[in-house]
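Beneath this line is the structure, given in structure tokens, with notes to follow.
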Amino acid sequence: MAEYTSRKMFEWTEKLESDVLRLKNEEKMTYAAIAKHIGTTSNSVKHKVRRLQQAKGLEKYSHPKEKAELALPILESIRVRKGKPLRTLETHCGFGGMSRVYSQFGSVLGFDIVQDRIDACEASCEQFEGIKQDSEHQLLNLRFEKRKFDIVDVDPYGLPSRYFPHIFGLIDDGYLFLTFPMMGVAQINALTIKHYQVFWGIELSDKDEYIQKIVERLADYAYIEKKKITVEKVIKVDRIYRFVIKVEKIALTKLLGMRINRANS
Ligand SMILES: C[S@@+](CC[C@H](N)C(=O)[O-])C[C@H]1O[C@@H](n2cnc3c(N)ncnc32)[C@H](O)[C@@H]1O
């Protein structure tokens, strides 16, 4: 207890967070009692416990371990190749499961529509700038400002369709990590059927060609932004697919394998 009460300025640490969760969940102490024990206010403890529990709940659906394992070798190799810190954009940073990974390699710009989640990322990452905004809209600003990133992570709960084609405009030489729900995770009704048709050319009967159709349409969206893509990996984790997509800026003539005959031009 002395280790807590001797603090001059109260500061949350990882150890303190796990102690507080244990006191609340296992020892069933009240917020007021925990607050007194560690030397802060009851409100601060209540807020912290709620956020930690939310983050734990979210982890069940956000699969941070699998996403990190997939990204790490790529981040390491691109960091070595470029020889400078990486710039990462997260359109859905959540509680920072991946922000903590990306921020080890350089700066991270993260969006989320929930302020608590932005606060959690900022508290646990050094090189993180968080903005509480709808990234679907902010993407258009970033594109207009001609911002470029080495890594872009699009990780929504639902379909990521509305981020295309513009998201490819933010990467000239780098990677897009993209989450796509399994077909049927989104409730199937007239709206979702039409959505799949319009954005991805997918019919309900296309279940076996789901990934292939997405890959084809991703290449078309990349083409609109004058980019060549290589889908290096697609893994399935629980009810989502995670795509690893290499993105390169390329002359469209080269992409289409056209030969320019300068003599006739
Ligand atoms: C799957 S979680 C993100 C998990 C996070 N990438 C991680 O690795 O831990 C999806 C997040 O998207 C946020 N969100 C939903 N709609 C959004 C939008 N339009 N713009 C930005 N964030 C959004 C939710 O609040 C939620 O935190």
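First listed ligand is number 1; within each ligand, the first listed atom is number 1.
Residue G96 places no N or O, backbone or side chain, under 3.5 Å from any N or O of ligand 1. Backbone and side-chain nitrogen or oxygen atoms of Y157 are examined, and none is located within less than 3.5 angstrom of a nitrogen or oxygen of ligand 1. The N/O atoms of E136, backbone and side chain alike, include none that comes under 3.5 Å of an N/O atom in ligand 1.
Using 4.0 Å as the threshold, Q138 has no heavy atom nearer than that to any atom of ligand 1. Within the 4.0 Å heavy-atom cutoff, C93 counts among the residues contacting ligand 1.
A search for ring pair (Phe, Tyr, Trp, His ring centres under 6.0 Å) contacts involving F111 returns nothing, not counting sequence neighbours.
A side-chain donor-acceptor contact under 3.5 Å links D119 and Q115. Under the 3.5 Å distance criterion, with hydrogens and angles disregarded, no donor-acceptor pair is assigned to the side chains of Y102 and Q127. Counting only N and O atoms by type, the side chains of Y210 and Y196 include a donor and acceptor under 3.5 Å apart. Side-chain contact check for S99 and E90: at least one donor-acceptor pair (N or O, by modelled atom type) lies under 3.5 Å. A donor atom on one side chain and an acceptor atom on the other are not found under 3.5 Å apart for R87 and S107.
Contact atoms of ligand 1 toward V114: 25 (O) (distance under 4.0 Å to a heavy atom of the residue). Near Q133, the atoms of ligand 1 lying under 4.0 angstrom from a non-hydrogen atom of the residue are 20 (N), 21 (C). Counting atoms of ligand 1 from 1 in the listed order, those under 4.0 Å from a heavy atom of G94 are 27 (O). Numbered from 1 in the order shown, with element, the atoms of ligand 1 that lie under 4.0 Å from a heavy atom of T91 read 21 (C), 22 (N).
If you look at H92 next to ligand 1, the close heavy atoms, those under 4.0 Å, come from the backbone and the side chain alike. At a heavy-atom distance under 4.0 Å, atoms from both the backbone and the side chain of I113 approach ligand 1.
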Which is it for R242 and E66 under the salt bridge (Lys or Arg N to Asp or Glu O under 4.0 Å) test, yes or no, and what are the steps along the way?
-> CA-CA 9 Å; R242 188 79 166 152; E66 292 83 349; over 6 Å; no

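Side chain of E225 to main chain of Y221: no donor-acceptor pair is present (N/O by atom type, distance under 3.5 Å, no hydrogens or angles).
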